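Have a look at the structure below, then the notes.
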Number of protein chains: 4
Amino acid sequence: MASPPVRTRSRLAPDERISEIMAVTRQLLSEKGYQNVVTSEVAERCGISEGTIYKYFDSKRELLARVAEEWFEEILGADENPPPGAGIRTRLRQLVWKGLSIIRQEPSLSRFVLMELRSDPTYRTMRIYELNRRFTARIGDLLQEAVSTGVFRADVSVRLLRDMIFGCIEHRTWAYLRGEGDFSVDEAADGITNVIYRGMLMPGVQDEGASPQSKTKR
Amino acid sequence: MASPPVRTRSRLAPDERISEIMAVTRQLLSEKGYQNVVTSEVAERCGISEGTIYKYFDSKRELLARVAEEWFEEILGADENPPPGAGIRTRLRQLVWKGLSIIRQEPSLSRFVLMELRSDPTYRTMRIYELNRRFTARIGDLLQEAVSTGVFRADVSVRLLRDMIFGCIEHRTWAYLRGEGDFSVDEAADGITNVIYRGMLMPGVQDEGASPQSKTKR
Amino acid sequence: MASPPVRTRSRLAPDERISEIMAVTRQLLSEKGYQNVVTSEVAERCGISEGTIYKYFDSKRELLARVAEEWFEEILGADENPPPGAGIRTRLRQLVWKGLSIIRQEPSLSRFVLMELRSDPTYRTMRIYELNRRFTARIGDLLQEAVSTGVFRADVSVRLLRDMIFGCIEHRTWAYLRGEGDFSVDEAADGITNVIYRGMLMPGVQDEGASPQSKTKR
Amino acid sequence: MASPPVRTRSRLAPDERISEIMAVTRQLLSEKGYQNVVTSEVAERCGISEGTIYKYFDSKRELLARVAEEWFEEILGADENPPPGAGIRTRLRQLVWKGLSIIRQEPSLSRFVLMELRSDPTYRTMRIYELNRRFTARIGDLLQEAVSTGVFRADVSVRLLRDMIFGCIEHRTWAYLRGEGDFSVDEAADGITNVIYRGMLMPGVQDEGASPQSKTKR
DNA sequence: CATGAATGAGTCTTCATTCAT
DNA sequence: CATGAATGAAGACTCATTCAT
């Protein structure tokens with residue numbers, strides 16, 4: 001092992017320190033999952049003492065929750081509006097694509113939010129709950145609209161459709177995470193949209209046709 | 001005097017002991033989830049000492065993994081054959097229903113396999129991996145057959161379809177676990193089958209029609 | 001520092017270990033007071049690891065409380081009955097003497113019970129509370145009897161008299177602890193009894209006269 | 001625009017700063033007791049940094065000790081002289097009343113002095129020791145005078161009488177602190193004075209009679 | 001061979017004190 | 001000179017694992 005790197009007592013502005021701690025924690029969360037993030041390792045990677053973490057965060061839980069929130073906000077912030085006058089299919093694809101790419105970009109963090117935080121008794125009171133809810137609601141609203149306007153059949157619940165979409169997104173992503181095969185956001189978005197749209201389209205309604213991929217292509 | 005009915009310090013054959021430990025662990029896993037299974041409690045419930053567990057299992061992880069394997073095998077073993085001559089839709093629904101009911105019945109164990117074990121670096125070498133693969137493969141094979149025989153379109157990958165199915169199953173189940181809404185295996189199986197089947201059915205091919213629920217019910 | 005004393009993993013029967021831990025804790029409590037008893041030192045003095053303590057006690061608090069209880073019971077157990085037909089003065093002196101000698105023998109433990117435990121929110125539910133109450137009640141009852149039978153005046157509350165007695169006992173003992181002067185249980189018992197008895201004796205009632213010291217001496 | 005009413009970073013003279021720190025600490029000590037006074041809170045309430053405290057005080061202990069000293073001095077300073085020509089009983093009651101009301105008014109501070117500081121190895125060298133001693137000495141001197149002039153008997157040591165008085169005061173106050181029953185300074189002062197005075201009065205000496213309460217009543 | 005007492009590395013958290021800026 | 005970011009040693013407590021009996 002190398003001699004310690006000068007061990008100069010680093011001194012940062014609070015904001016920078018907070019950022020650093022959160023960045024390191026995000027990374028760690030990404031690598032190991034919530035239960036396995038340990039304060040001592042956060043401190044070590046930051047090159048600070050454990051005590052310093054507690055200067056800025058009341059508890060490990062708070063730290064993790066804030067990391068998740070920040071990240072979620074970051075991602076959901078960048079929101080394109082749907083093209084005006086776009087049909088159900090186009091708008092559905094856009095949302096599915098967004099969901100896929102979110103998880104694709106930060107899969108372990110997704111997992112943390114989706115699996116760990118969501119089980120927290122106070123989850124419902126956290127800001128991240130609201131952020132999360134807002135996104136799923138957009139898909140739910142779109143599906144509801146499709147049913148209400150007679151574009152979609154009414155024989156499968158909106159609830160189940162939402163589960164199919166998010167379930168597929170999550171499943172696909174985790175498989176990717178575990179190194180199982182490749183994963184194209186565009187292809188997956190197309191596939192999901194196609195199956196759901198065609199599977200739900202009311203007989204007799206004109207199919208919008210697949211939206212040209214280029215529209216949402218990154 | 002009659003011999004005391006006292007449960008004398010049980011002296012079980014190794015196989016029985018192993019069975020008992022695994023049964024107790026399964027119960028515990030089911031109640032509390034992987035991270036919260038503690039060896040001391042396993043020992044206590046078995047009425048044995050902690051040390052004894054280590055006579056039969058190298059580590060907690062190994063114990064848990066074997067429990068999961070046994071359980072999986074048990075469940076996948078009880079396999080009704082599809083009715084001879086059944087169509088794609090009927091067979092698809094049967095498999096989806098099976099997957100849903102497995103997770104529905106033993107959600108904590110599922111979660112353990114799905115979330116914890118699957119992340120294990122050696123997961124691919126575990127027998128449970130093979131068992132798991134075998135089940136998903138059956139769905140994969142069915143879907144592949146549907147595509148090959150021209151019943152399903154070829155514009156969505158079998159892979160993605162499988163993800164939609166399993167993702168939805170898991171997603172639905174976890175939501176249920178967290179107390180979000182009710183969950184009917186039959187309704188979900190119908191919904192998933194409908195969307196996938198209708199969404200993938202090759203234009204021009206005759207729809208089998210929804211199979212009467214009674215066929216696979218319960 | 002000397003080389004570690006053979007560091008042989010000692011192995012004791014649970015009862016012995018528990019006794020040892022409690023004995024060591026009693027000693028430590030005696031030396032430093034509740035707040036300053038640290039689990040690591042208990043372990044070190046026992047020559048065991050900290051974990052072992054927690055095999056036998058759920059928490060530090062529980063350990064300390066049990067130490068106090070055991071000790072109290074030990075002391076209050078050895079209870080001489082008052083000589084039959086003894087007057088107020090004799091019986092008062094006997095109780096005062098007992099109280100003094102209890103604290104004299106184990107002053108730091110007394111202090112722990114009196115000062116720390118007594119502030120515990122759950123103190124009232126502890127067994128030690130009952131033990132303690134029983135002793136103070138005996139003095140209270142005696143004083144009440146004296147007032148009721150017209151031996152004592154009624155112009156000072158029983159409550160205050162009890163406080164004078166116990167307050168004096170505690171005060172005297174702590175001073176002693178801090179090394180302030182000597183402290184004779186007999187002399188103090190006589191003094192307290194004299195002042196209280198003479199100070200409260202109803203005018204016109206015949207003074208029993210000081211009981212000969214030899215009766216309760218040592 | 002008017003200059004902002006913003007409390008600019010206060011730039012106090014050292015003396016004022018010291019006063020402020022001590023005042024805040026006294027308040028905190030009074031609220032929470034010694035062990036629970038934390039330097040960070042002192043700093044926060046003063047609107048200064050933690051480091052600054054250490055500019056003026058070597059350690060937390062020193063700060064606390066000086067607070068106690070100042071407070072004690074303040075209290076003992078405000079001393080009414082006994083009415084000229086007052087008898088033993090009157091003067092005794094006055095002192096007892098004083099002692100009771102001191103503790104009654106500032107129980108947490110008393111407790112700190114009585115329980116924590118007094119155990120300090122260097123207690124005897126602290127100024128507070130001297131202050132404390134001076135007050136107890138006044139009672140001691142009075143009792144001594146009573147004995148020397150033949151008003152009090154000589155069969156109980158002055159030492160013990162002092163302990164009865166202070167012990168009772170402390171005991172009564174702590175019970176009150178723990179919420180056990182009410183506590184009247186006047187009643188307690190009367191009771192203590194009565195018992196001690198009557199209990200010690202030399203036979204044949206004329207009882208001064210209870211001093212009218214109004215004399216020392218607040 | 002089973003036991004179960006003991007371990008010890010590790011967990012999160014607290015706080016009086018220091019020192020570079 | 002005051003600051004306040006950082007420290008680090010200590011606190012109670014947990015639990016998978018070991019090994020002498």
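Keep in mind the model is a prediction, meaning the values are calculated, not measured. No hydrogens, no waters, no symmetry mates; every other heavy atom, side chains included, goes into these values. Below, chains carry the letters A, B, ... as their sequence lines are ordered, and counting in each starts from 1.
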Practice task
Between D:Ser59 and A:Arg61, just flag the one whose closest nucleotide in DNA chain E comes earlier from the 5' side.
Solution key: A:Arg61
Practice task
Answer yes or no: does a side-chain N or O of B:Thr39 lie under 4.0 Å from OP1 or OP2 of F:dC15?
Solution key: no
Practice task
Using a cut-off of 6.0 Å, state whether more than 12 heavy atoms not belonging to C:Glu44 lie near its atom CD.
Solution key: no
Handout entry: F:dG4 phosphate, OP1 or OP2, under 4.0 Å from A:Arg11 side-chain N/O
Key = no
Practice task
Would you check if the side chain of B:Thr52 reaches a backbone N or O of B:Ile48 as a donor-acceptor pair within less than 3.5 Å?
Solution key: no
Problem - Which residue lies more 5' along DNA chain E, comparing D:Ser40 with B:Ser49 via nearest heavy atoms - result: B:Ser49
Practice task
Provide, to the nearest angstrom, the distance between the CD atom belonging to A:Glu62 and the P atom belonging to E:dT14.
Solution key: 12 Å
Handout entry: N/O donor-acceptor pair under 3.5 Å between C:Lys32 side chain and C:Val38 backbone
Key = no
Practice task
Hey, which sits more toward the 5' end of DNA chain F by its nearest nucleotide, C:Val38 or A:Arg17?
Solution key: A:Arg17
Completion exercise
Rounded to whole Å, CG of B:Leu64 lies from C1' of F:dT17 at a distance of 15 Å
Problem - Spacing between C:Glu41 atom CD and F:dG11 atom P, to the nearest angstrom - result: 9 Å
Practice task
Whole angstrom is fine here: how far is it from CG in C:Asn36 over to C1' in F:dA10?
Solution key: 13 Å
Handout entry: Interatomic distance, D:Glu50 CD vs E:dT14 P [rounded to whole Å]
Key = 14 Å
Problem - Whole angstrom value for the distance that separates P of E:dT18 from NZ of A:Lys55 - result: 14 Å
Problem - Side-chain N or O of A:Tyr56 closer than 4.0 Å to phosphate OP1/OP2 of F:dA6 - result: yes
Practice task
Give the rounded distance in Å between these two atoms: CG of A:Asp15 and C1' of F:dG4.
Solution key: 14 Å
Fill in the blank from the handout: Separation of E:dC15 atom P from D:Ile53 atom CD1, nearest Å, is 14 Å
Problem - Secondary structure string for DNA chain F (Watson-Crick or G-U under 3.5 angstrom, | for other-strand pairs) - result: .||||||||||||||||||||
Practice task
Look at C:Thr52 and E:dA6 and indicate whether a side-chain polar atom (N or O) is within less than 4.0 Å of OP1 or OP2.
Solution key: no
Exercise for the section: For the pair C:Glu62 (side chain) and C:Asp58 (backbone), establish whether a donor and an acceptor sit closer than 3.5 Å, ignoring hydrogens and angles. Expected result: yes
Practice task
Look at D:Tyr54 and E:dT17 and indicate whether a side-chain polar atom (N or O) is within less than 4.0 Å of OP1 or OP2.
Solution key: yes
Handout entry: Side chains of C:Tyr123 and C:Asn132, donor plus acceptor under 3.5 Å
Key = yes
Problem - Touch class at under 4.0 angstrom, heavy-atom based, for C:Val37 against every strand present - result: sugar-phosphate
Exercise for the section: For the pair A:Lys55 (side chain) and A:Pro14 (backbone), establish whether a donor and an acceptor sit closer than 3.5 Å, ignoring hydrogens and angles. Expected result: no
Exercise for the section: Scan side-chain atoms only and decide if C:Glu50 and C:Thr39 contain a donor-acceptor pair under the 3.5 Å cut-off. Expected result: yes
